[in-house]
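Below: the structure, in structure tokens.
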Amino acid sequence: MVEHRQTHSLREMGFMVPLILFVLLFVLCSGVVACVFLRASAISRDTEAYNAAVTLCRNQAECIRAGEIPADGSILYYDENLQPAPQASATYYLVVEDQTQKTENGELHSSVVTAYSAEQTQLYRLEVAAYLPQGR
């Protein structure tokens, strides 16, 4: 009877070893996949911030080209939907640096538009020039 129990125990152990190995392999693979997804999420967030910064800088450059020149050193604040927002709830902000050269027939504005995140990380920088003739 004792031999029967020992044989039965060995059979159960023989079944448990592959099962334990399978569980360990599954846990290891799940950990690797979780790390990949976490890294992809971080990259996606960064990409979203860079795309928003490019959009904001390009929009401001078009405003400058249209003649809407903000004062030198102006800071413009935007929320996560890229809409103007108060400083307290801003997700992004733009700093516009403008240099003006007066000519006989108008003004040449050379501007640098720099986008930052709310954490003050520089995301994008764009140089833009606009010539505004007199009488505008």
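These values consider heavy atoms only, across backbone and side chains, with no hydrogens, waters or symmetry-generated copies.
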Item to check | D98 and I64: CA distance, side-chain angles, deciding distance, side chain to side chain contact (heavy atoms under 4.5 Å, CB included) verdict | outcome: CA-CA 10 Å; D98 183 56; I64 291 171; 5.7 Å; no
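- Taking OG1 from T114 and CZ from R125, the interatomic distance works out to 5.5 Å, rounded to the nearest 0.5 Å.
- Here side-chain hydrogen bond (donor to acceptor under 3.5 Å, both in side chains) pairs that include residues 22-45, with residues two or more places apart or in two chains, are S41-R45.
- Rounding to the nearest 0.5 Å gives a distance of 9.5 Å between OG1 of T55 and OH of Y92.
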Item to check | Audit row: L56, L123, side chain to side chain contact (heavy atoms under 4.5 Å, CB included) steps and yes/no | outcome: CA-CA 11 Å; L56 288 171; L123 299 173; over 6 Å; no
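- Cluster note: Y116 groups with I75, Y77, Y93, V95 through ILVMFWY side-chain heavy atoms spaced under 4.5 Å, whether in direct contact or through intervening members.
- Every residue two or more places apart in sequence or in another chain was checked for a side chain to side chain donor-acceptor pair (under 3.5 Å) with Q120, and none qualifies.
- Shown here are the side chain to side chain contact (heavy atoms under 4.5 Å, CB included) partners of D46, two or more places apart in sequence or in another chain: Y50.
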Checklist entry - Is there a side chain to side chain contact (heavy atoms under 4.5 Å, CB included) between E97 and D72 once you walk through the steps? => result CA-CA 5 Å; E97 300 167 3; D72 185 34; 3.8 Å; yes
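- Considering all non-hydrogen atoms of both residues, A115 and A53 come closest at CB-CB, 3.6 Å.
- The CD atom of E62 sits 11.0 Å away from the CD atom of E68 when rounded to the nearest 0.5 Å.
- To the nearest 0.5 Å, atoms CG (L76) and CG (N59) are separated by 11.5 Å.
- Think of L28 as one node in a network of Ile, Leu, Val, Met, Phe, Trp and Tyr side chains linked at under 4.5 Å; it has no links at all.
- Contact annotation: the side chain of C57 approaches that of V113 to within less than 4.5 Å [non-hydrogen atoms, C-beta and beyond].
- Residues that satisfy the salt bridge (charged side-chain N to carboxylate O under 4.0 Å, His left out) test with E107, not counting sequence neighbours, are K102.
- For the atom pair Q60 CD and I69 CD1, the distance stands at 8.5 Å (nearest 0.5 Å).
- Take E48 and apply the salt bridge (charged side-chain N to carboxylate O under 4.0 Å, His left out) test, not counting sequence neighbours, and it matches no residue.
- Not a single side chain to side chain donor-acceptor pair (under 3.5 Å) links S89 to another residue, sequence neighbours left out.
- A search for side chain to side chain donor-acceptor pair (under 3.5 Å) contacts involving T47 returns nothing, not counting sequence neighbours.
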Which donor-acceptor pairs under 3.5 Å do side chains of residues 79-87 form with protein atoms, sequence neighbours excluded?
unit_1	atom_1	unit_2	atom_2	d
D79	OD1	N81	N	3.0
D79	OD1	L82	N	3.1
D79	OD1	Q83	N	2.9
E80	OE1	T91	OG1	3.4

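- Judged as a side chain to side chain contact (heavy atoms under 4.5 Å, CB included), and not counting sequence neighbours, the contacts of V54 are R58, Y124.
- Residues forming a side chain to side chain donor-acceptor pair (under 3.5 Å) with S117 (at least two apart in sequence, or on another chain): E119.
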